[in-house]
Amino acid sequence: MELNKYSKVITKKGSQPAAQAMLHAIGLKKEDFDKPFVGIASTGYEGNPCNMHLNDLSYQIKNEIDKTKAVPLIFNTIGISDGISMGTSGMKYSLPSREIIADSIESVVNGMSYDSLITVVGCDKNMPGALMAMIRLNRPSILVYGGTISPGCYNGKKLDVVSAFEAWGEKVSGKISDVDYENIISNACPGPGACGGMYTANTMSSAIEAMGMSLPYNSSNPAVSKDKSNEKMIIASSILNLIRNDIKPSDIITKKSIENAVRLITVLGGSTNAVLHILAICKTANIDFGIDDFQKISNETPFLGNLKPSGKYLMEDLHNIGGVPAVLKFMLDNNMLNGDCLTVTGKTIAQNLKDVANFDSNQDIIMPLEKPIKESGHIRILYGNIASHGSVAKITGKEGFVFEGVARVFDCEDDANDAISTGKIKKGDVIVIRYEGPKGGPGMPEMLKPTSAIMGAGLGNDVALITDGRFSGGTHGFVVGHISPEAAEGGIIAFIKDGDIIVIDAIKNEINVKLQKNELEKRKKEWIKPELKYKSGILYKYSKLVSSSSKGCITD
């Protein structure tokens, strides 16, 4: 088996003396030119706890690979912190960063002729972006997740980043003091690692482990743990095994493995952002899997994970009862998993799970099948006159299943935040935030700030929110996002007015505004399509190229 089939173009050809001279300059010797080159793409940077430790982790992996018959070479790509950019114009860059990450990794690995790829990732968009690059490149690859953050604590209560967002709502509604507010902020995030609940980062890392593209336990080992540090040795041997056996992403990522990922997300109560990302992954991999497949799996899969944001526990708690492999073993034992799917270990998922211990029967993090949190999944794909191409709701059952209320319409998130913070939103309102979609935002920013403020103000069961934007994995409450067509493209959401009656039905999977067809047609004729908000730069390019949310917001 030829191990250096890509790098040999620069290392073995006599017509590439300049390339070889430059490789000597970085410290390689002639004998290294016979070895496979392993690109290590780090998303490490100092500005975000999710990513602050990833450069160190990348060097630990490099040092282990150095002991093998391969050449590890670290390079970097970008990251945008959702938690830091949330509620600002910076959040518009978050989802587009997924495409930049994919494009940049693809560019380096192809441009530099690397034979394989390891990606070291942390925050939300890092993971799907890295995975999309792996699929495009189709070379032996492993995704490495940097792990979840440890919980914070104040007044004996466990905290995480969403605690800080919800504290703002509690403060502006007068439920907590300024002193408590400041202490929650200063104690919520104690160090490195991605946001601690079953939010988007932990959702996607878990999904990718179920998909087979990361090693067992990688998604649930905490960032600051001996288990996470020890992964480096397994990663080094595993990437060599993949290279020797020429096992590529196309051998691992199939419709069956995607189904495994979506079932796990459903069991755990994962983020609605997974819909966008898995649609994009499937499009990149040319796998026939659409938004209606999410609904099909949700219909037949129970929601069992008592995890934040709607539940009690954090990812570290799941780690303590066996982590994601224990959940997958439970699913395999209950005929909820395709066990014959190949993984980056070179073995099938069933073989990986053979010796994994079952849950302790006393734990209440993953509920038993006979006592689910909800008998069907929390992700609902809703259609109706507001969303003829679909929308995505996260309904855990705690919010109820039907909401009918009066529209309070806002053309941007900031205006909605002002209305919530000044007490203008009342029980029975349906907040409509529009022109925040993929093109209209642009970048489809997350609406965690308004949903957290609603929860903090104690209106979580009394107010609904719909948007053509999206939601953080930390969002909970009666919310519907990803409304397609979006307002900027002339979707019905653009024509809704204050006082209109909106009905959200998560049993029938419908979302409608109570207006006659002729009234909607009249409003459509009066509507003027807005100009793009940006005239240059990445957001201009993104708004021109991006597909709808129902197709994963891809730019291919």
Side-chain angles (χ1 to χ4, degrees), residues 40-64 74-86 94 97 101 118-130 142-154 158-165 183-206 208-209 214-215 217-235 271 307-309 313-320 323-324 448 472-474:
I40 302 175
S42 173
T43 58
Y45 65 103
E46 294 180 346
N48 185 20
C50 310
N51 300 70
M52 62 188 285
H53 60 305
L54 299 184
N55 285 335
D56 288 341
L57 182 56
S58 298
Y59 275 102
Q60 290 176 33
I61 295 167
K62 173 186 169 68
N63 291 337
E64 287 298 321
I74 294 175
F75 64 97
N76 283 80
T77 186
I78 68 157
I80 305 289
S81 169
D82 288 15
I84 293 172
S85 66
M86 192 76 67
S94 170
S97 75
I101 291 165
I118 295 170
T119 58
V120 185
V121 294
C123 199
D124 301 6
K125 310 310 164 299
N126 301 174
M127 280 165 281
I142 298 175
L143 183 140
V144 179
Y145 177 49
T148 187
I149 195 170
S150 299
C153 185
Y154 175 63
K158 278 188 175 183
L159 302 174
D160 63 5
V161 69
V162 175
S163 307
F165 279 109
N183 276 305
I184 290 169
I185 292 170
S186 59
N187 288 284
C189 300
C195 302
M198 192 45 61
Y199 311 144
T200 306
N202 284 325
T203 295
M204 289 309 300
S205 66
S206 301
I208 290 167
E209 183 174 326
S214 61
L215 292 166
Y217 297 98
N218 175 253
S219 64
S220 46
N221 284 340
V224 182
S225 70
K226 187 176 179 181
D227 291 325
K228 180 57 66 179
S229 180
N230 288 342
E231 287 180 12
K232 60 184 180 288
M233 294 172 282
I234 309 169
I235 292 162
S271 167
L307 295 158
K308 287 194 172 189
Y313 293 103
L314 297 169
M315 191 64 155
E316 188 172 84
D317 299 310
L318 184 63
H319 164 74
N320 291 332
V324 166
L448 179 57
S472 162

Check whether any side-chain N or O of [X] sits under 3.5 Å from a backbone N or O of [Y] as a donor-acceptor pair, and report yes or no.
X	Y	value
Ser163	Ala188	no
Thr43	Val120	yes
Thr203	Ser271	yes

Query raised in the report: Judged by modelled atom types alone, do Tyr145 and Asn202 share a side-chain donor-acceptor pair under 3.5 Å?
Result: yes
**Report entry** Pair Asn55-Asn76, side-chain donor/acceptor within less than 3.5 Å
**Finding:** yes
Rounded to the nearest 0.5 Å, what separates atom [atom1] in [X] from atom [atom2] in [Y]?
X	Y	atom1	atom2	result
Glu64	Ile235	CD	CD1	9.5 Å
Phe165	Cys195	CZ	SG	8.0 Å
Asp56	Ile61	CG	CD1	11.0 Å
Asn126	Ser205	CG	OG	11.5 Å
Met198	Leu318	CE	CG	6.0 Å
Ile184	Cys153	CD1	SG	11.0 Å

Requested in this report: For atom OH of Tyr154, decide whether the heavy atoms of other residues, nucleotides or ligands shown that lie under 6.0 angstrom number more than 12.
Outcome: yes
Do you know the tightest heavy-atom contact between [X] and [Y]?
X	Y	value
Ser220	Gly323	OG-CA, 3.3 Å
Glu209	Asn218	OE1-N, 3.4 Å
Ser206	Val324	OG-CG2, 3.6 Å
Ala223	His53	CB-NE2, 3.6 Å
Met127	Ala201	CE-O, 3.3 Å
Gly122	Asn51	N-ND2, 4.3 Å

Requested in this report: Could you check Met204 against Val121 for side-chain contact (heavy atoms from CB on, under 4.5 Å), going step by step and ending with a plain yes or no?
Outcome: CA-CA 11 Å; Met204 289 309 300; Val121 294; over 6 Å; no
Using salt bridge (charged side-chain N to carboxylate O under 4.0 Å, His left out) as the criterion, list what pairs up with [X], not counting sequence neighbours.
X	answer
Asp82	Lys125
Lys232	none
Glu231	Lys228

Heavy atoms, side chains only, cut-off 4.5 Å: are [X] and [Y] in contact?
X	Y	answer
Lys308	Tyr199	yes
Asp227	His319	yes
Met52	Pro49	yes
Leu57	Val144	yes
Pro190	Ile149	yes
Cys123	Tyr45	no
Ser97	Ile78	yes
Ser150	Glu316	yes

